[in-house]
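Owing to the predicted nature of the structure, the values given are computational and were not obtained by experimental measurement. Every chain is numbered from 1 and lettered A, B, ... according to where its sequence line falls, protein lines coming before strand lines.
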Protein chains: 2
Amino acid sequence: MSKFKPTIEDVARAAGVSRATASRVINHAPGASAPLRARVEAAVAALGYRPDEHARALASGRTRAVDVVVSGCDSTKGWLGAHPYFGRVIAGMMPVLEEASTQLRLHAIGRDDTAEAIDEIAANASLGAVLADATPELAARFHRRCRRVVSLVPTAPMVPGMAADNTGGAYAAVRELHRLGCRRIAAIHGPAVNPCAIERRTGFRQAIRELGLAEVAADGDFDLQGGYRAAQQLLDRHPEIDGIFVACDYMAAGAIQAITAGGRRVPDDVSVIGFDDSIAAVCTNPPLTTMRLPVEEMAAAATRLLLEGIPASAHRQRFPVELVVRESTRG
Amino acid sequence: MSKFKPTIEDVARAAGVSRATASRVINHAPGASAPLRARVEAAVAALGYRPDEHARALASGRTRAVDVVVSGCDSTKGWLGAHPYFGRVIAGMMPVLEEASTQLRLHAIGRDDTAEAIDEIAANASLGAVLADATPELAARFHRRCRRVVSLVPTAPMVPGMAADNTGGAYAAVRELHRLGCRRIAAIHGPAVNPCAIERRTGFRQAIRELGLAEVAADGDFDLQGGYRAAQQLLDRHPEIDGIFVACDYMAAGAIQAITAGGRRVPDDVSVIGFDDSIAAVCTNPPLTTMRLPVEEMAAAATRLLLEGIPASAHRQRFPVELVVRESTRG
DNA sequence: CCTTCTGCTGAGAGCGCTCTCTGGTCTACC
DNA sequence: GGTAGACCAGAGAGCGCTCTCAGCAGAAGG
């Protein structure tokens, strides 16, 4: 209720020490004797003192804050709100930040005004930025400008990244469909420019080639409608298809709708494997067998890297992608 | 590339004016002549100057930042990451903040350490906080401590809120089911303590009573498994059910799975109406008819309120909830 | 007993900005 | 011509904090 906000000056006075000593105690810095330490701590508790982040940042040049950057917000309508991916990124970062009592600042930037946006983020030096879905070019630009940047999608080798094994995941998905007896396996790929989509495409191709199957594929846009249309088109042209690998659960949800709308059953007639293991995977009917993208783990690792300071060495960590069996593949 | 970060001092020097004048120009404050204004603006552009947020906040006592608070993060596993609601809140706020060049800080707080969390947020005075899912008690505590707070869920009358017409929405959903011919209408409600769930329950009851139908209902926990179990139990005990109102899309996805797993068809045997119009609604099979919660609009309005300063009058704005017809209700 | 070293502590100078307050110029009006 | 008023510019005092540096003990060593 009381409007009064105590400053470190107040704490120092209450404890009968100087501002410098109070600061030392509050920041757990060495060079303060036990008795004074205790006095200051008592004063902090008594006054309910909380350091002012801004003053601290100004004086020290460091900020207890991490930026999360979501790009491509204008191009895909409702991208940020609709796609389950971003919630997972944040959910993965939050506990790590919590523990380090660091703030999370969210930035949504469009395709065009990136320079402006980068400047803005760079201007308020945070501990660094997590790039949730940046293109390799954007990531490189960011890296050049800010240094402390970690990307969550595959990007140029010089910028640190936590990337999932998309290629291996797609490869494993196809092998799984094949193991279950599928012999006419098609793919619904993501946007041709998306780095993750590219890797998943590569993994799919590799598996198909190794298995000696014909490559049948259509493109979606990582959204539901795209999945629906692609599945429709695929089944239309290749009615013999008995398994579909879809590069993203959200598209897979659309694909399942298209398949059943076309009078076929999932998984009896067509098995479907998605990618991500997002909320979309559990909402479909039947629930989706999918390749789990460890988004939370990746985001947490990226955050830790930022918090600890990026070593010159650590670049491009790979995370395994695992099969999660549900009911869209025949048992 | 250049590590040099120009300060307002540099701008002033380059423009040949004092720091005060430079500040006036940069902040679009009155009291600077056109020629000087032009010189300062040129200097800003030439140097690539960006005001330091921290210094500005420290000096002025105001921050261009808005907090978003997500509570109940520890109680429900993966709540933040899994539930589509939060992404929509952020998506709604982002454009408004963008325009006002204001930052978005995200806070996830648990059920227990709320006092600590409130203090922390209050300490770094932002423009205010948007409470995404706070209980009425938490909202009241926040309001007492910070003043500038807007809740997105129904709450105590003294704390400003943007709330959807949950009651009316649930009422309308039941009327719609009835209009389509359903005569044995059941409900799957949300948690008994959740304010939104309570309102939806009220709306459901009111409609059922007016229609002279028997009240049949089960409880879920706003999650998929809860919806599944509730639907299973409902159909088990009341096989004659031909329509279900589910208080949240995510639960409805589970309900649809349970209904079809039990050998009935949606919508031929049982019509289902959800609530929210979240991503879950489009991923189900068939896609879900639902009551659209205008989350983005509510979040945007809340943000605007914070940005403009909350007038003493404006409390408890209500947003209409609209029917979105898809395929889980018989045509 | 004096010097050197170590370990605490406090004084004070900023960090980059805002904002009040003073002073100075220019127009308007008596 | 003198005074009031309006308007504009700059000086300077902070905002709350960090961090360097100097000072002053007391311990150790000669």
*Residue among Ile90(B), Leu106(B), Ile109(B) satisfying side-chain contact (heavy atoms from CB on, under 4.5 Å) with Val70(B)*: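 Among Ile90(B), Leu106(B), Ile109(B), the one meeting side-chain contact (heavy atoms from CB on, under 4.5 Å) with Val70(B) is Leu106(B).
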_the helix from dC1(C)-dG30(D) to dC30(C)-dG1(D): angle between end helix axes, five pairs per end, rounded to 10 degrees_ = 50°
*Scan residues 300-309 of chain B for pairs that pass salt bridge (charged side-chain N to carboxylate O under 4.0 Å, His left out), counting only residues two or more places apart or in two chains.*
none
*In Å and rounded to the nearest 0.5 Å, what is the CG to CG distance from Leu58(A) to Asp52(A)?*
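Answer for the CG-CG pair, Leu58(A) versus Asp52(A), is 9.5 Å.
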_Please report the interatomic distance CG(Leu97(A)) to CZ(Arg105(A)), rounded to the nearest 0.5 Å._
11.5 Å
[X] side chain to [Y] backbone, donor-acceptor under 3.5 Å:
| X | Y | answer |
| --- | --- | --- |
| Asn194(A) | Cys196(A) | yes |
| Ser23(A) | Arg19(A) | no |
| Arg148(B) | Ser126(B) | no |
| Asp133(A) | Ser71(A) | yes |

*If you pin Ala59(B) and Gly16(B) to their nearest nucleotides in DNA chain D, which one's is more 5'?*
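On the 5' side of the pair lies Gly16(B).
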_Can you work out whether Ala55(B) or Val17(B) has the more 5'-proximal nearest nucleotide on DNA chain D?_
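Residue closer to the 5' terminus by nearest nucleotide: Val17(B).
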*Which comes earlier along DNA chain C counting from the 5' end, the contact point of Ala57(B) or that of Leu58(A), where each point is its nearest nucleotide?*
Leu58(A)
_For chain B and DNA chain C, what are the first and last nucleotides along the strand, 5' to 3', with at least one atom under 4.0 angstrom from a heavy atom of the protein chain?_
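Result: dG16(C) to dC19(C).
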*Taking only residues two or more places apart in sequence, or in another chain, which ones meet Arg50(A) in a side-chain contact (heavy atoms from CB on, under 4.5 Å)?*
Glu116(B), Asp119(B), Glu120(B), Ala123(B)
*asked:* Using a heavy-atom cut-off of 4.0 Å across all strands, would you classify Arg62(B) as base, sugar-phosphate, or nothing?
replied: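 Touches sugar-phosphate only.
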*Which of residues 20-29 of chain B sit near DNA chain D, with a heavy atom under 4.0 Å from it?*
Ala20(B), Thr21(B), Arg24(B)
*Return each pair, listed once, that meets side-chain hydrogen bond (donor to acceptor under 3.5 Å, both in side chains) where at least one residue sits in residues 35-48 of chain B; pairs must be two or more places apart or across chains.*
none
